[in-house]
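By convention in this document, chain letters (A, B, ...) are assigned in the order of the sequence lines, proteins followed by strands, and residues within each chain are numbered from 1.
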There are 2 protein chains.
Amino acid sequence: MVRKPATLKDVAALANVSRATAARALNSYGYVGDETGRKVQAAAERLGYRGNRLAQALRGGRLPIVGCILGDIQNPFFARIAHDIEVLCRERGHNLVIASSEEELEQEISLLASLQSLSIRGFIVAPASAEGNAHLQRLAAEHVPLVMVDRVAEDVECDSVAVDNEGGARKAVEYLIGMGHRRIGLLQDNARIFTSRERMNGYQAALAASDIKANDRMVSVSQSTVEHAIDATIRLFSQKTPPTALFTVDSLMTQGALLAFRSMGISIPHDVSLIGFDDFNLATFTDPQITVVSQPVSEIGRTAARLLFERLSGKSDHTQKIRFETKLIVRGSVSRRSGS
Amino acid sequence: MVRKPATLKDVAALANVSRATAARALNSYGYVGDETGRKVQAAAERLGYRGNRLAQALRGGRLPIVGCILGDIQNPFFARIAHDIEVLCRERGHNLVIASSEEELEQEISLLASLQSLSIRGFIVAPASAEGNAHLQRLAAEHVPLVMVDRVAEDVECDSVAVDNEGGARKAVEYLIGMGHRRIGLLQDNARIFTSRERMNGYQAALAASDIKANDRMVSVSQSTVEHAIDATIRLFSQKTPPTALFTVDSLMTQGALLAFRSMGISIPHDVSLIGFDDFNLATFTDPQITVVSQPVSEIGRTAARLLFERLSGKSDHTQKIRFETKLIVRGSVSRRSGS
DNA sequence: AGACAATGTGAGATCGATCTCACATATATT
DNA sequence: AATATATGTGAGATCGATCTCACATTGTCT
């Protein structure tokens, strides 16, 4: 019962012409008689001919597919980016293969190899690691269209879209210091991850600028999920002298911290002040509302996709490295602390 | 500089054998001499031979790709499902093409056609509409492996995974009625969408069972995004006699309702009681915590992918229509109302 | 020794679409 | 009328991997 899709040969046969002529009629190139053209069109119509993109790609080049490797689609930040990329791909007649590296370098490498053997047009990647990116270097060296999104692998020469992580983090921590805080906690992701590293740099720079000594016990590392962040926050605030303020490096962690504080009976901003990197839906619902460093999420995915398509169309020659600004949105989760 | 990837021909040439022999050595079938086998392996290694999956698929059948069309990847519910499907695909050596119908039937149809011409192995679809699914019927009739997830198109004969929407909604509304509410609002998605329709049915069934007359002014329709839900909630509660309780059909709408209530100065559960379908991260952070109907999210995507792979491997013969139970999780967002 | 199986290898067809080239006609130009 | 040009069409090659088939070569059994 599995009716095989009609091939060009079938169309040609029905229209009583050769495959070559059928192809000309359907793709409108070369000379085709009016009459013949109509016959072929009709035949194609009747058979529901669709063209096998596999065969087309095998001959002509690559599949109209963009490959996208992100850290975790469940993270609303990446979900938004994936969505925006998908929309642009659709506008350009491309499909989108999405894969999740789950923040594992090994997995990213094997996914990339797997996607590359699909002969797809280009890649948008959020590298799982800031270092050890020989696989990306190789891609770039072979001039495979590649755009890095949200994260930059410094040693890879290709287009990239990211935000001013260090500056954003620094603004946040400086604001906390300005409000009188000295024991400022950092809830961060693995330092291998570019954004986490840059945000940590911003945190440390702000501390250093105010002559506050960095203290490992103020830093907790967790995977970027609500569940892991809850645990990490609890560990951080179970110390004898816990932080008086916390800076979290992404929105899932911010939410984890909120839930942890609730379960520990710690109240914001009375007991602890909080600033999170990346805004989120319910940030204005909580009481108090959460102060955050916001990034232009809606621009990031669109821009990455735009860069990729520019490269695909051969327009751009030099690589573009785009950085968006971040903004501190002051709401109510930070309180002034007098003395220490 | 664009180094073309090595082909089987290159490998064969380097190993001084024919293409046929090289293929045998690499795919280990037929007779191959030990010595020859090693030579070919070495050559492949040296050239970084990777096999062109396009060519393989063109000859042998279909690409090891699963196509997935959901309503909106940004909805955490779908993001979770997409993630789980992707994990299973990866385990099975498949890649995942994700596309978003944006809840438009037209777009779903065109995406499906576009994916089908890619010769991919099978589809997992959350139909945008409960009706008018000729495109899905055609697929099923041609025995293209297809699994419907979260939503069921009644007139399409294929595997499906969904939850007991009507029962879940009914439980929620019965609970509200039991707490003394009579003017119960419904914040729902377009009734064309299967889940929205079933949840509405549950809502109406619960009302009918308690002889409460359905009232259109208690129902507000909105797209499933936080922003739209805010507006819809505001409309609903700007009436002279607004509902005393609200049931929302998904978590983004629940969050929208929460934000709307905050902006209107309506307090939960004092002024209004609230139950949402689908649990979410911050449901236990808000004050009070939100009572929800929870569904086994972690099962849905996995099960859908499992069904698809069973079908791909030809194991299953009859179609499986799976429904998961839902559970009312009572927290603090509903208050008892005496009199009316 | 002769017959037959086991083992190893290569030539060529195949999948479907596209493109080059050669070959027809028909029309225009000298 | 003879040549040049425009207009249509088909045969066959191509993309890369796989598989069938035919052909060797070696070994085994009567």
Side-chain angles (χ1 to χ4, degrees), chain A residues 2-41 43-44 47-65 93 113-114 116-121, chain B residues 2-41 43-44 47-65 93 113-114 116-121:
Chain A
V2 184
R3 194 166 12 128
K4 283 261 159 48
T7 72
L8 186 62
K9 209 164 118 186
D10 302 329
V11 175
L14 182 61
N16 266 314
V17 296
S18 70
R19 284 153 39 244
T21 303
R24 271 189 291 258
L26 293 173
N27 304 323
S28 39
Y29 71 93
Y31 292 111
V32 183
D34 287 2
E35 174 69 9
T36 317
R38 271 191 298 276
K39 263 196 319 190
V40 173
Q41 291 291 353
L47 296 176
Y49 173 71
R50 285 219 148 271
N52 182 329
R53 292 214 260 162
L54 239 57
Q56 293 168 336
L58 174 59
R59 179 153 212 295
R62 323 195 74 77
L63 279 174
I65 293 185
S114 144
Q116 219 185 341
S117 66
L118 280 179
S119 305
I120 72 184
R121 287 249 170 81
Chain B
V2 183
R3 196 172 3 135
K4 282 264 160 45
T7 72
L8 185 63
K9 208 165 121 187
D10 301 330
V11 174
L14 183 60
N16 266 315
V17 296
S18 71
R19 283 151 41 243
T21 302
R24 273 191 289 260
L26 293 173
N27 304 323
S28 37
Y29 71 92
Y31 292 111
V32 183
D34 287 4
E35 174 68 9
T36 318
R38 270 192 298 277
K39 261 197 318 190
V40 173
Q41 291 292 354
L47 295 176
Y49 173 71
R50 283 222 148 266
N52 182 330
R53 292 213 262 161
L54 239 55
Q56 294 168 335
L58 175 58
R59 178 152 212 296
R62 322 195 74 76
L63 280 173
I65 293 185
S114 144
Q116 219 185 342
S117 67
L118 280 178
S119 306
I120 72 184
R121 287 251 169 82

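Contact check of residues 19-29 of chain A against DNA chain C (heavy atom, cut-off under 4.0 Å) returns A:Arg19, A:Ala20, A:Asn27, A:Tyr29. Only B:Asn52, B:Ala55, B:Gln56, B:Arg59, listed by number, bring a heavy atom of residues 52-60 of chain B to less than 4.0 angstrom from any atom of DNA chain D.
Under the side chain to side chain donor-acceptor pair (under 3.5 Å) criterion, B:Ser114 pairs with A:Arg53, A:Asn95, not counting sequence neighbours.
Between B:Ile65 and B:Leu118, the closest side-chain pair of non-hydrogen atoms is not below 4.5 Å. When side chains are defined from C-beta on, A:Pro5 does not count as touching A:Arg50, because their heavy atoms never get closer than 4.5 Å.
Residue-level contact check: A:Gly51 touches the backbone only, with heavy atoms under 4.0 Å from sugar-phosphate atoms and none from bases. Within 4.0 Å of A:Gly61, counting heavy atoms only, lies no atom of the nucleic acid at all.
Summary of the strand contacts: B:Asp34 and A:Ala6 both lie near DNA chain C, and taking for each the nucleotide with the nearest heavy atom, the more 5' one is attributed to B:Asp34.
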Take A:Asn52 and B:Ser117 through the side chain to side chain contact (heavy atoms under 4.5 Å, CB included) test and state the conclusion after the steps. CA-CA 6 Å; A:Asn52 182 329; B:Ser117 67; over 6 Å; no
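For the residue pair A:Ala25 and A:Val32, the shortest heavy atom distance occurs at N-CG2, 3.8 Å. For the residue pair B:Leu58 and A:Ala55, the shortest heavy atom distance occurs at CD1-CB, 4.0 Å.
Rounded to whole angstrom, the span from the OH atom of B:Tyr31 across to the P atom of C:dA5 amounts to 13 Å.
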Identify every side-chain donor-acceptor pair in residues 8-17 of chain A under 3.5 Å, counting partners at least two apart or on other chains, and give the distances.
unit_1, atom_1, unit_2, atom_2, d
A:Asp10, OD2, A:Thr7, N, 2.8
A:Asp10, OD2, A:Thr7, OG1, 3.4

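In summary, contact between chain A and DNA chain D, defined as any nucleotide atom under 4.0 Å from a heavy atom of the protein, begins and ends at D:dT7 to D:dG16 in the 5' to 3' direction.
The OG atom of B:Ser119 sits 6.5 Å away from atom CG of B:Leu63, with the distance rounded to the nearest 0.5 Å.
Although no hydrogens or angles enter the test, the distance criterion places no donor-acceptor pair under 3.5 Å between the side chain of B:Asn27 and the main chain of B:Tyr29.
Residue pairs that meet the side chain to side chain donor-acceptor pair (under 3.5 Å) test with at least one member in residues 54-63 of chain B, sequence neighbours left out, do not exist here. Screening residues 18-37 of chain B for salt bridge (charged side-chain N to carboxylate O under 4.0 Å, His left out) gives B:Glu35-B:Arg38 as the qualifying pairs, with residues at least two apart or on separate chains.
A rotation axis mapping the C1' atoms of four pairs onto the next four is fitted at both ends of the helix from C:dA1-D:dT30 to C:dT30-D:dA1 over five pairs, and the angle between these axes is 60° to 10 degrees.
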